[in-house]
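The structure appears below as structure tokens.
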Amino acid sequence: MAVMSYIQAVTTALREEMQRDDKVFILGEDVGKKGGVFRATDGLYDEFGAARVLDTPLSESAIAGVGIGAAMYGLRPVAEMQFADFILPAFNQIISEAAKIRYRSNNDWQAPITIRAPYGGGVHGALYHSQSVEAMFANQPGLKIVMPSTPYDVKGLLKAAIRDNDPVLFFEHKRAYRLIKGEVPSDDYVLPIGKADVKREGDDITVITYGLGVHFALQAAEKLAEEGIEAHILDLRTVYPLDQEAIIEAATKTGKVLLVTEDNKEGSIIGEVAAIIAENCLFDLDAPIKRLAGPDVPAMPYAPTMEKYFMINPEKVENAMRDLAEF
Amino acid sequence: MAVMSYIQAVTTALREEMQRDDKVFILGEDVGKKGGVFRATDGLYDEFGAARVLDTPLSESAIAGVGIGAAMYGLRPVAEMQFADFILPAFNQIISEAAKIRYRSNNDWQAPITIRAPYGGGVHGALYHSQSVEAMFANQPGLKIVMPSTPYDVKGLLKAAIRDNDPVLFFEHKRAYRLIKGEVPSDDYVLPIGKADVKREGDDITVITYGLGVHFALQAAEKLAEEGIEAHILDLRTVYPLDQEAIIEAATKTGKVLLVTEDNKEGSIIGEVAAIIAENCLFDLDAPIKRLAGPDVPAMPYAPTMEKYFMINPEKVENAMRDLAEF
Amino acid sequence: MSLNRHQQAGITDEQVLDMYKTMLLARKIDERMWLLNRSGKIPFVISCQGQEAAQIGASFALDREQDWTAPYYRDLGVVLAFGMTAKDIMLSAFAKAEDPNSGGRQMPGHFGQKKNRILTGSSPVTTQLPHAVGVALAGKMEKEEFVSFVTLGEGSTNQGDFHEGLNFAGVHKLPVITMVENNKYAISVPFDRQVASENVSIRAKSYGMHGVTVNGNDPIEVYTAVKEARERAINGDGPSLIEAVTYRLTAHSSDDDDRTYREKEEVEEAKRDDCILTFSTYLKESGVLTDEIEEKINSEVQGIVNEATEYAEEAPYAEPEHALRFVYEEQEG
Amino acid sequence: MSLNRHQQAGITDEQVLDMYKTMLLARKIDERMWLLNRSGKIPFVISCQGQEAAQIGASFALDREQDWTAPYYRDLGVVLAFGMTAKDIMLSAFAKAEDPNSGGRQMPGHFGQKKNRILTGSSPVTTQLPHAVGVALAGKMEKEEFVSFVTLGEGSTNQGDFHEGLNFAGVHKLPVITMVENNKYAISVPFDRQVASENVSIRAKSYGMHGVTVNGNDPIEVYTAVKEARERAINGDGPSLIEAVTYRLTAHSSDDDDRTYREKEEVEEAKRDDCILTFSTYLKESGVLTDEIEEKINSEVQGIVNEATEYAEEAPYAEPEHALRFVYEEQEG
Ligand SMILES: Cc1ncc(C[n+]2csc(CCOP(=O)(O)OP(=O)(O)O)c2C)c(N)n1
Ligand SMILES: Cc1ncc(C[n+]2csc(CCOP(=O)(O)OP(=O)(O)O)c2C)c(N)n1
Ligand SMILES: [Mg+2]
Ligand SMILES: [Mg+2]
């Protein structure tokens, strides 16, 4: 089994899907000759040509809208938004169109488009190259939102997204791109969209998170284990629609729940996670449902002092976990 | 004190603010000669002229963006989106621009724009003329989202929104427009944005809701009172940022909480309300935090059978309240 | 003997009668829907009236067995030409379960039917334009020989999606034909407060594409323009933008009262140019339409509309719980 | 004696030297930022290099005491001309608390300064265009005599906001000047895969406005075009779209490697037309710039850049908790 980086897993999944199915094609800004600003599509232009790795004009609503049209026709577009922050001009196409096409046509049509975008902070990206945008989309039935944490999950989930017959938003943590490495089987596997994944077993406290937060929690858990505190860590993987069963099971297991996101707090994904727990297994809880998130400010500032203040990190997660364990 | 309809309160607030401050102006589609498709700006074109009641081209991103520019200059634009559903093409301008202008300029600039839009269902509006869109915006610090339930609140809050130095989304329930009537003082009052309002005192159960849901809950409460169940009803009024203090107080008061929205459930505003309660006063609860919401389907269908199935109503609210009281 | 106008355009007598009949069917269905609305039987109508010539003229210039279309809410004429039936339309007007457009989920005018390659549409205007471009892109990638035909109103040309979609089509020289049905109003806002350019077709220059303005009251003129655009597209000469100048003979929709913003005289004048009248006059003058044929067509259309209305009115609504279906693909159980 | 080119354009010798000096200052600040980036002192640079002539030529044609501007990230030249200082820029490059653009919250190139009427900018491209239109609308409503000046790259003209904003300006004949700095690339994507029209200025026709393409390497040609556009705007003749053809002499940003998508030769050739060189040659030929003056300007600029750099490097960052401030208006306590 090869060890590869998070971004290599992205490229691998794309390549394998394009080899497997000639209906799969990529479109986006600078995805062709340049291979993407993060080089996620590196080498694909050479391998598959300009038509299947299509450099589009600088217009996100067209990228989404043209992709949706091609998907309705029967192709399998994988659209790249250069940064998750720049998906917003395509918001109407994604919410009013992609998410509603099956429903509004009473199952006559479908729009199997995958939209990839790098999100997340801690990369000196400032306000508009650091945002977590999932919460804005996570109230829209018809959409699925996948946010993988490991190279293994990236490959299996991106393949699943491309093969899915419904629109999938696939958000990749840009700091994870080169930071996170892991073993990735070379065979053609898919992982189920909609299912959370237990990344660590433990009996004392439950941490529910996703993306880079999973790694922070895992690191913190190792430290806490030395103090005798065993954390159970659930990686949501799909943040919409949520895997309610897995959430309830994980919360019930320890009775003490910490929810972690790097998004700002109010209205983030983890609010819904808390609500699911509070609605379904309130009496199994031994502590308030705690949340660790960014502060409620518009986005992450550029200056290192303020960026660090905003961004979650292993230390902040560790402290929150310890506080909860000691509750 | 005059009795007026919800929409008359909108028009009254607009007229009074335009009379008070000549920097206030209206822009939107069909707001001029026609007076708006719901007639919210009825008579204002005749009174204030075409320049201050500006019919714009059919382009929501320009309506928002031009409004933001005028607001940065120092005017007080009140933009109308014809239906809340059609605010989405302006999403990028609202989230990337309006919400972040003060923060990103370190307080050098501000964008005091008010964006009004009719939302909500139960009017045979089908998928795209019935939606609740607040959850998509309710994760964006810098924005305020006001959703009034009564004519009295409409007038006081719309005036407050127009005078506010930050961008405010002002969502008006289109079914309330003519259905809901109430007393409205003729004097020039404003109500505080960011504060929830107790609409009914009671000791047995707490209902937290907003918009039309408030009326459904009030109606249901009268029925339940006959059975000896007294409901405490909190009207959120501002759904972002939430009035945490009022929420905690209301939840603590009875220990049994029902949250009601007509939006679909997962990822809606009331998830965050549940999370606030679960984080702050979990041990004061005597029952799981219950939620009554629309089903998780893309939007409200047109056919009366399915529309009715989707839409909350007094009966559904009553049943949910009774179930909770009996818990 | 010199050829008459439709023959010059390459349209046979039979086809031209078929065009007329389809226009009339669209008109009569539309009129019936207003009656049903005014008598409280259906909650909403949005009309094609005044735009039938443009819609039918264009559709008949396409290959209705191969080409794809992304119509807008007024395009009753287009969808009828593409194979939708009066019954389908009435089922949609009554929001009945059997409605092929949406199973009664969407308002009338929100067309969609996969078997006839009619893309499913929504309410926010102009979103369909990039979709049509996407279909054209797919066709080009798959080396299929068809064009993608998309329509919208002139007000809707001011949406960002118009610009982004057409620029994409222009850069990649895609086989897509965009027809703007310029009916001079976007609800209450007249052309000169809406569109900054002198006309709509000049906007083609922004996208390096062929552009032309035609009389949308004349189905033959529209036919000719679309035919040419289709040939260009098939020959790899790229997309076209066609502006068909028409007039909206009704209020914007059953919820609108147009007397608040336009003069009665203006509407009256436009009604004198009503394409149904002018086309039937032309057909009579050119000898294709006799009183006898006209009567036959009228009664046939009448019968179709009656039957469709009765059927749809009787048809059942979807079950309430059907609202839960088809959010995502459902696995066969 | 016949007038030389700048005199013909109504520019005095003093002004023309001021233009040159401002161009040079922009260039030297920019070059310094690259050095600081490559030595690890600042995380990011995005350049004006190659576009100074367009930026300064345009700015000098405006009333820099009255007019408003909504610059894009490359417009170092514009903001310097509008009153921002080298120190301000360096404070922003180092993300220091005193940075007037954002207090170190935004990346460099995200300009904004209320006292100089420079609207605050963001990263998503083209959003500033409707803002500038809004300022022009406000000016017209308030009967103030100024224009609003907005810039963007040619790739950014494909965003919906370009279309929606300019159509709005065209319909309402607003005093706004849009200058597109066409540097032939949008990151890696060249003009012909990006913009479907033959050039950018032809898009003016879509908005019923005046449009012109000028040589963006020539500050005098740009000056003349913007001067004329300003007069039109002030006279109530509406908005203009000016395309200044330039070349991006650097990579897209410090994160980009342009060798993967464009030929070295192409860049070398463009460097021979570098506007700083060609303009200084012109100034020498016309006798305005002597060796002596040049030396003086060079050392002055050098001094300014050094001082600004030192100051900014030493200046403190905002406190971590400052991240919490100014989300909403704060009430004086
Ligand atoms: C994005 C969006 N904004 C607003 C509306 C409301 N609306 C429906 S039709 C219409 C006018 C459309 O005018 P035009 O494009 O000229 O088409 P017409 O109705 O005249 O055929 C408006 C404003 C909408 N459907 N979508
Ligand atoms: C909405 C949006 N999408 C994508 C980006 C990423 N991006 C930054 S600059 C750029 C290219 C801009 O090209 P152009 O408009 O020609 O300006 P130039 O950089 O060449 O001056 C892109 C794609 C962005 N900033 N905003
Ligand atoms: Mg129209
Ligand atoms: Mg460029």
Side-chain angles (χ1 to χ4, degrees), chain B residues 28-39 42 45-46 50 54-63 65 81-93 123-131 174 264 266 294-311, chain C residues 42-44 92-97 99 102-110 121-127 152-163 185-190 193-196 252-253 255-258 260-262 316-328:
Chain B
E29 295 153 12
D30 306 292
V31 296
K33 228 177 190 179
K34 185 173 163 70
V37 295
F38 289 98
R39 314 198 65 69
D42 197 21
Y45 179 88
D46 288 338
L54 193 76
D55 272 329
T56 66
L58 174 37
S59 36
E60 286 76 9
S61 190
I63 294 171
M81 299 286 158
Q82 200 158 83
F83 284 83
D85 315 68
F86 306 142
I87 200 173
L88 300 188
F91 201 76
N92 189 41
Q93 279 289 348
V123 296
H124 310 307
L127 271 69
Y128 297 98
H129 299 80
S130 303
Q131 290 174 87
K174 71 175 84 73
N264 62 68
E266 184 170 348
D296 279 317
V297 309
M300 220 171 283
Y302 185 55
T305 46
M306 294 189 281
E307 182 185 56
K308 194 170 161 211
Y309 181 83
F310 184 114
M311 186 69 189
Chain C
I42 65 173
F44 184 77
S92 152
F94 281 97
K96 295 302 174 69
D99 157 32
S102 75
R105 287 174 171 191
Q106 294 216 75
M107 291 176 140
H110 290 60
S122 62
S123 307
V125 297
T126 324
T127 50
L152 64 160
E154 83 293 347
S156 304
T157 69
N158 294 323
Q159 287 282 331
D161 272 359
F162 176 83
H163 183 64
Y185 285 87
I187 308 187
S188 72
V189 181
R193 304 267 300 175
Q194 179 68 250
V195 179
H252 171 73
S253 75
D255 289 341
D256 178 40
D257 178 359
D258 59 330
T260 58
Y261 57 80
R262 63 180 185 182
Y317 288 118
E319 293 298 314
E321 296 75 18
H322 188 75
L324 300 178
R325 301 286 306 276
F326 309 134
V327 178
Y328 300 101

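Order of the sequence lines sets the chain letters (A, B, ...), proteins ahead of strands, with each chain counted from 1.
- Within the 4.5 Å cutoff, the side chain of B/Asp85 has no heavy atoms near those of the C/Pro124 side chain.
- Between C/Gln159 and B/Ser59, the shortest heavy-atom contact is NE2-CA, 3.7 Å.
- Counting heavy atoms from C-beta outward, B/Pro298 and C/Val327 have side chains that approach closer than 4.5 Å.
- B/Leu58 has its side chain within reach of C/Gln194: a pair of non-hydrogen atoms, C-beta onward, lies under 4.5 Å apart.
- Relative orientation of the B/His129 and C/His110 rings is perpendicular, given thresholds of 30° and 60° on the angle between their planes.
- No part of B/Phe310 comes within reach of chain C, as not one of its non-hydrogen atoms sits under 4.5 angstrom from that chain.
- Using modelled atom types and a 3.5 Å distance limit, the side chains of C/Ser188 and B/Asp30 yield a donor-acceptor pair.
- Of the listed residues B/Glu60, B/Glu307, B/Glu29, B/Lys308, the one with more heavy-atom pairs under 4.5 angstrom with chain C than any other is B/Glu60.
- Although no hydrogens or angles enter the test, the distance criterion places no donor-acceptor pair under 3.5 Å between the side chain of C/Thr260 and the main chain of B/Lys34.
- Listed options C/Tyr317, C/Tyr328, C/Phe326 were ranked by heavy-atom pairs under 4.5 angstrom with chain B; first place goes to C/Tyr317.
- Interface residue C/Phe44: backbone and side-chain heavy atoms are both found under 4.5 Å from chain B.
- The two atoms that bring C/Ser92 and B/Tyr302 nearest to each other are O-CE2, 4.4 Å, heavy atoms only.
- Both the backbone and the side chain of C/Glu321 come within contact range of chain B, with heavy atoms under 4.5 Å apart.
- Heavy atoms of C/Val125 lying under 4.5 Å from chain B belong exclusively to its side chain.
- The nearest pair of heavy atoms linking C/Ala323 to B/Pro301 is CB-CG, 4.2 Å.
- In terms of heavy atoms, B/Thr305 sits closest to C/Ala318 at OG1-O, 2.8 Å.
- C/Gly103 approaches B/Met306 most closely through the heavy-atom pair O-CE, 3.7 Å.
- The structure places OG of C/Ser123 at 9.0 Å from CD of B/Gln131, a figure rounded to the nearest 0.5 Å.
- The two residues B/Gly125 and C/Met107 make their nearest non-hydrogen contact at O-CE, 3.8 Å.
- When each of C/Asp258, C/Val189, C/Asp257 is scored by its heavy-atom pairs under 4.5 Å with chain B, the top score falls to C/Val189.
- Not counting sequence neighbours, the partners of C/Arg325 by the side chain to side chain contact (heavy atoms under 4.5 Å, CB included) test are C/Arg105, C/His322, C/Glu330.
- Checking side-chain atoms of C/Gln106 against main-chain N and O of B/Leu127 turns up no donor-acceptor pair under 3.5 Å.
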